[in-house]
Amino acid sequence: MEFKVGDIVARKSYNYDVLFRIIHINNEGIADLVGITTRILADSYLYDLKIISNEEFMEYKHHETELNLLILEINQELKKITKKDKCGL
């Protein structure tokens, strides 16, 4: 598989938990990576990477949006509970 700078990838050894963009590939087959949705820098051997297709990326973004909405709802409910506790209700 041919990797190039700019490819969106995930690491097999981490069960594809974070999406990265390749920012550099050295002569030893190691890629420098920057997280796309998570603030992280990493490096990885090319053999440990999987290129993420546009379809996979869009699916990931969709699930991320759903999770963010769920987290927002939970936070709003927690604020309501905290507000009631402060008021002695």
Side-chain angles (χ1 to χ4, degrees):
M1 183 172 293
E2 181 88 18
F3 291 93
K4 62 186 180 307
V5 170
D7 283 345
I8 296 174
V9 297
R11 297 176 294 183
K12 297 172 190 173
S13 61
Y14 285 82
N15 202 28
Y16 313 105
D17 62 342
V18 177
L19 296 185
F20 295 92
R21 184 174 313 280
I22 296 176
I23 56 174
H24 179 260
I25 302 172
N26 71 19
N27 293 335
E28 298 166 1
I30 298 175
D32 293 326
L33 311 169
V34 63
I36 292 178
T37 59
T38 303
R39 189 175 175 184
I40 184 172
L41 291 174
D43 60 10
S44 177
Y45 286 102
L46 294 177
Y47 64 76
D48 190 36
L49 298 177
K50 175 186 184 271
I51 293 178
I52 302 300
S53 69
N54 286 338
E55 182 179 289
E56 290 170 312
F57 180 71
M58 295 309 291
E59 183 178 335
Y60 180 91
K61 291 296 289 179
H62 175 74
H63 289 298
E64 181 184 51
T65 300
E66 288 179 339
L67 284 172
N68 285 336
L69 290 172
L70 182 59
I71 290 168
L72 182 62
E73 289 176 21
I74 291 169
N75 282 336
Q76 289 172 342
E77 289 300 316
L78 288 172
K79 284 179 184 177
K80 288 178 188 176
I81 292 169
T82 303
K83 191 174 185 177
K84 287 180 183 178
D85 285 348
K86 286 181 181 179
C87 294
L89 299 174

Practice task
Considering non-hydrogen atoms only, spot the tightest contact between Leu46 and Ala31 and give its length.
Solution key: CD2-CB, 3.8 Å
Problem - Expected output: side-chain Arg21 to main-chain Gly6 donor-acceptor under 3.5 Å - result: yes
Completion exercise
To the nearest 0.5 Å, atom NZ of Lys50 lies from atom OG of Ser44 at 14.0 Å
Handout entry: side chain to side chain contact (heavy atoms under 4.5 Å, CB included) assessment of Tyr60 paired with Ile52
Key = CA-CA 10 Å; Tyr60 180 91; Ile52 302 300; over 6 Å; no
Handout entry: Non-hydrogen side-chain atoms of Ile36 and Phe57 separated by less than 4.5 Å
Key = yes
Fill in the blank from the handout: Contacts of Glu77 meeting side-chain hydrogen bond (donor to acceptor under 3.5 Å, both in side chains) (sequence neighbours excluded), chain-then-number -> Lys80
Handout entry: Same cluster (ILVMFWY, side-chain, under 4.5 Å), Tyr47 and Ile30
Key = yes
Handout entry: Minimum heavy-atom distance between Thr37 and Lys61, given as atom pair plus value
Key = CG2-NZ, 4.0 Å
Problem - Flag if over 12 foreign heavy atoms under 6.0 Å of CD, Glu55 - result: no
Problem - Connected via hydrophobic side-chain network under 4.5 Å: Ile51 and Val18 - result: yes
Handout entry: Main-chain N/O of Ile22 paired with Asp7 side-chain donor or acceptor, under 3.5 Å
Key = no
Practice task
Working to the nearest 0.5 Å, report the span between CD1 of Ile81 and CD of Gln76.
Solution key: 12.5 Å
Practice task
Please round to the nearest 0.5 Å and tell me the distance separating atom CD of Glu66 and atom CD1 of Ile71.
Solution key: 12.0 Å
Practice task
Decide yes or no for Arg11 and Leu49: does some side-chain heavy atom of the first lie under 4.5 Å from some side-chain heavy atom of the second?
Solution key: yes
Completion exercise
On a heavy-atom basis, the closest approach of Phe3 and Ile25 is O-CD1, 3.7 Å
Problem - Flag, side chain of Asn26 to backbone of Glu28, donor-acceptor distance under 3.5 Å - result: yes
Problem - Inter-residue atom distance Leu41.CG - Leu33.CG, 0.5 Å rounding - result: 9.0 Å
Practice task
State, with a plain yes or no, whether a side-chain heavy atom of Phe20 is found less than 4.5 Å away from one of Ile40.
Solution key: yes
Problem - Pairwise distance CG(Asn75) to OG1(Thr82) - rounded to 0.5 angstrom - result: 10.0 Å
